[in-house]
Structures are given as structure tokens and as C-alpha cells.
Amino acid sequence: MSSISDRVRSLIDQSGLSLHDFADQADLDAEQFRECLSGTSPFSTVDLAVIADEFHVSMDWLLTGAEPPLAVAARTTTGKAAEALAAARDYVARRADLDKLGYTQPWRPVSPAAPAGSTYAAQGEALAKSARRAVELQGRLVVQGGLPELIEAVFGADVAVEPLGDGFDGLAATGQGAKLILLTTTSNPARQRFTLAHELGHLLGDDDQDVHLDRDIFARAQKIDPSEQRANAFASVFLLPEQSLREAVGAVKLTRESFAALCCDFMVSPATLAYRLLTLRVIDAGACDYYKRMSLREAAVVADRVEELDRQVAVSQEKRLPGLLVGDTRAAYEAGKATLRPYASLLGVDVDELRDQLASGQGHGGTA
């Protein structure tokens, strides 16, 4: 059975570097590194974290030799989904490394209250109601902006947004101490928001355990998959709770103008809102067909809220780093448990420039 030293030696061989150059690239003392390889002294967790980060492997692999399921999925999938899985693998590996340093992700699931024998849609609805109670207990509102920050604060799941192009909506990844939602940047904030809620439903419902990939959450094939039915029901109820929606509709006469305003208030697509109102029997099938043909942009024009939508679009097109991961990576550095390199590489900045920024008292946010 291979040892940690064997696995580090295999990285040296793959890199084509000499032992001294390998140590230098990882910012390690060459003589101490040589002693660790020979078994004279053990590798520290900081050394292993630096090696893992610099040479793109997980700390878990260095310690155990086991390759996590997400790594296998990333290697065997092609296209935009492969890019998404590779990004998720990197974030999950970083969380695994932090977990070993004592920084555990604060995952806080909720208890689904669906009775035995419930349909998948009913299960999703019950799970969403439990999730909304958790949000309300913290004095927060789902209808306000900042849904990624809300999910990180209330449920302890990290949310990242990457420019992954068309053909991919999002994924939910679990493993190695991580709970992660990864979304693609988009010019459609309502779709991104629904995808985020949908992926949260997968995490809270323990779907697929390791990774659940959604190339198109509105694809026809999704409608027959039980876990997708549950996640879609969860997203619909989480974003459009019955009481809030009935109160909003009851306060105005439902017209094309007020319907458009509700789309902007809840930041959901007209189709999502129309189907939810149909499910609640607020409108009939004919009205649903009429309203769902409206686009989000059209709704914003009708409601005279185009500038507001444009601001939402600008946000949904931005890359976002997982906030909890960023905070813990910085905390590990400040506590002396890790070097600055993992933090700099996560932020995508030069390590020396970041060191100068921190020395001058300049902060660094969690988005890029």
C-alpha cells in the first residue's frame, strides 16, 4: 500500500521537476521536504495543504490515496458539465483540506415533514415549508435580494457562480465535508434564482449524495425524474410560498400589469408564477397559458421596472466565489494553519500582491 511519501513522489515524477524545484514551487524548505520524503520527519498539515493546492490534488488523496467520487465524475464527463464538475471538484477539495485543519462547514439541514406515502411533489413542498421556517427564524426574507448569501447563512451550504456558458444550469455537490451549489452566470436572473432554489432542494433532500448535475432544469426529461419533481416543487414553494403569494394577489386585482409586477417582486419567471398560481387554483388553465407566454423582460417593461431588472441581470452575470469557503480559507491563514498561497489561488490573485494588500490593511471580498 502506498504511503504519503509515495504519493508525493508520484507528483514529483508527474511534474518533471527536481526535488529541489518541486519544493521551491510549493514554497517549502528543500531540506525539510527531503526529510519528510525519507520518513525522517512527518509532513505537516500545512505542507500537505500547500502541495495539494499547488499541484491540483486533494489533501484527502495525499493522506489516504482515495479519489473522491466527484473527481471521477469530473474526469469522465465532457463539455460544459465537465467544466462545472472540475470547478466543483476544486471547491470541494479545498473544503476537505480546511476540514482537516479544523474548519468544518456549518451545514444545517431541515427535517422534511411530509407524511409517509406522499408524492414527490408533496415531499418537495413539505421540505420547502421547513426550509422557509428556518429562514424566518433568523429574521430573513426570501423575497429580498441576496439569495446566495441567505442560503450560506441559514443552511451553511456554499454557493458559487462560474461563467460556464450555455448548456448547464447548476449542480449540487456533497462530500468530503462540503455542501456546495454551483451555478452558471446568466442574463436571466429569474432562471438562476430558480436553479439555486432547485439545487438547495437537492441538497436538503439528500439526492444522489455525491453530485447532482442539472444541465437544463426545465428539460422535458426532468419532469419524470422523482428527484427533479421534488426539487422543482421545493423551488416553487420556497420562492413562492402560498400565504405570501395569496396576500400579494389579494391586495390587487390580478391583471397583466399586476401579474408582471409580481414576477418582479418575487424575481421569478412568468411561467413559474403562472404555474404556481394554477396549482393554488388562483387562476385557471386558460389564464395560466396566457400569462406564461410573457417573458421576464416583457414583464419588467409592463411593470415599468426595467432598470431594476437590469441591475439584477448585472448581478447574475458576475462570477461569485463560495463565501463560507473564502472566509474559512482566510481564517486558516490568519491562524497560522495554512500559508497565504491557498487563499491567493482561491481569489485568483498573485500571492505577493495579496500579501501587500493585507499588510496595508486592504480587505478582499468573496466575489471575483
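Across every non-hydrogen atom of A335 and Y103, the tightest pair is CB-OH, 3.4 Å. In this structure, R246 and L280 approach most closely via the heavy-atom pair NH2-O, 2.9 Å. Nearest heavy atoms, V237 versus R132: O-CD, 3.8 Å.
T339 is not listed as a side-chain neighbour of D27, based on a closest heavy-atom distance of 4.5 Å or more. Counting only heavy atoms from C-beta outward, the side chains of L296 and S269 never approach each other to under 4.5 Å. Using a 4.5 Å cut-off on side-chain heavy atoms (C-beta onward), L150 and L141 make no contact. Side chains of V154 and Q138 form a contact here, defined as non-hydrogen atoms less than 4.5 Å apart. The closest side-chain heavy-atom distance from L340 to L358 is below 4.5 Å. Using a 4.5 Å heavy-atom threshold, the side chains of P148 and L183 count as separate. Using a 4.5 Å cut-off on side-chain heavy atoms (C-beta onward), T174 and L203 make contact. Proximity of H212 to L171: side-chain heavy atoms (C-beta onward) are nowhere separated by under 4.5 Å.
For the pair D29 (side chain) and Q32 (backbone), a donor-acceptor distance under 3.5 Å is present. Under the 3.5 Å distance criterion, the side-chain polar atoms of Q105 are matched with a main-chain donor or acceptor of K179. A donor-acceptor pair under 3.5 Å links the side-chain atoms of S258 to the main chain of K253, judged by distance alone. Distance alone, capped at 3.5 Å, is enough to place a donor-acceptor pair between the Q192 side chain and the S316 backbone. Counting only distance, with no hydrogens or angles, the side chain of S236 and the backbone of N232 share no donor-acceptor pair below 3.5 Å. At least one donor-acceptor pair under 3.5 Å links the side chain of D158 to the backbone N or O of G323. At least one donor-acceptor pair under 3.5 Å links the side chain of R108 to the backbone N or O of A153.
Every residue meeting the salt bridge (charged side-chain N to carboxylate O under 4.0 Å, His left out) condition with R341, not counting sequence neighbours, appears here in chain and number order: E54. Remark: F43 pairs with I4, S5, V8, F33, C36, L37, D47, L48, I51 by the side chain to side chain contact (heavy atoms under 4.5 Å, CB included) rule, at least two apart or across chains. Considering only residues two or more places apart in sequence or on other chains, A303 meets the side chain to side chain contact (heavy atoms under 4.5 Å, CB included) condition with A260, A261, C264, R305. With sequence neighbours excluded, no residue forms a ring pair (Phe, Tyr, Trp, His ring centres under 6.0 Å) with Y120. Here E136 pairs with nothing under the salt bridge (charged side-chain N to carboxylate O under 4.0 Å, His left out) rule; sequence neighbours left out.
Here the two rings, on Y291 and F259, have centers that are under 6.0 Å apart.
For the residue pair E308 / Q312, no side-chain donor-acceptor distance below 3.5 Å is found, with atom types taken as modelled. Side chains of S227 and D225: a donor-acceptor N/O pair is present below 3.5 angstrom, by distance only. Side-chain contact annotation: S10 with R7, donor-acceptor N/O pair under 3.5 Å absent. Using a 3.5 Å distance cut-off with no hydrogens or angles, the side chains of E31 and H20 do not pair a donor with an acceptor. Between the side chains of S345 and R94, at least one donor-acceptor pair of N or O atoms lies under 3.5 Å. Looking at T184 and T186, their side chains never bring a donor and an acceptor atom within 3.5 Å of each other. Inspection of the Y91 and E162 side chains reveals an N or O donor paired with an N or O acceptor under 3.5 Å.
Using a 4.0 Å cut-off between charged nitrogen and carboxylate oxygen, D352 and R355 count as a salt-bridge pair. Taking 4.0 Å as the cut-off between side-chain N and carboxylate O, R191 and D169 count as a salt-bridged pair. Salt-bridge check for D99 with R95: failed, with every basic side-chain N at 4.0 Å or more from each acidic carboxylate O. Of the charged side-chain nitrogens involved, at least one lies within less than 4.0 Å of a carboxylate oxygen, so that E149 and R320 count as a salt-bridged pair. Note on K337 versus D328: no salt bridge recorded, every NZ/NE/NH1/NH2 to OD/OE distance being 4.0 Å or above. For R293 and E298, the salt-bridge test fails: no basic side-chain N is under 4.0 Å from an acidic carboxylate O.
Follow the hydrophobic side-chain contacts under 4.5 Å out from L98 and you never reach L324; the two are in separate clusters. V302 is not connected to V313 by any chain of hydrophobic side-chain contacts under 4.5 Å among Ile, Leu, Val, Met, Phe, Trp and Tyr, and they are in different clusters. With hydrophobic clusters built from ILVMFWY side chains whose heavy atoms lie under 4.5 angstrom apart, F22 shares a cluster with L19. Residues M267 and V315 do not share a hydrophobic cluster, clusters being chains of Ile/Leu/Val/Met/Phe/Trp/Tyr side chains in contact below 4.5 Å. Under a hydrophobic clustering in which Ile, Leu, Val, Met, Phe, Trp and Tyr are joined whenever their side-chain heavy atoms come within less than 4.5 Å, directly or via other members, F266 and I283 fall into the same cluster.
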Where do L200 and V159 land on the side-chain contact (heavy atoms from CB on, under 4.5 Å) test, with the steps shown first? CA-CA 10 Å; L200 177 62; V159 179; over 6 Å; no
Evaluate the criterion side-chain contact (heavy atoms from CB on, under 4.5 Å) for residue pair L254 and L277; output intermediate values, then yes/no. CA-CA 11 Å; L254 194 61; L277 291 175; 4.3 Å; yes
Worked verdict on F234 versus Q123 for side-chain contact (heavy atoms from CB on, under 4.5 Å): CA-CA 8 Å; F234 173 90; Q123 292 171 20; over 6 Å; no
Go through T272 and R276 one step at a time and tell me if the side-chain contact (heavy atoms from CB on, under 4.5 Å) criterion holds. CA-CA 6 Å; T272 296; R276 180 65 172 143; 5.6 Å; no
Starting from the C-alpha separation in whole Å, work towards a yes-or-no answer on side chain to side chain donor-acceptor pair (under 3.5 Å) for Q243 and E247. CA-CA 6 Å; Q243 182 177 347; E247 290 175 355; 3.2 Å; yes
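Sorted by first then second residue, the ring-ring contact (aromatic ring centres under 6.0 Å, His included) pairs that include residues 146-174, not counting sequence neighbours, number zero.
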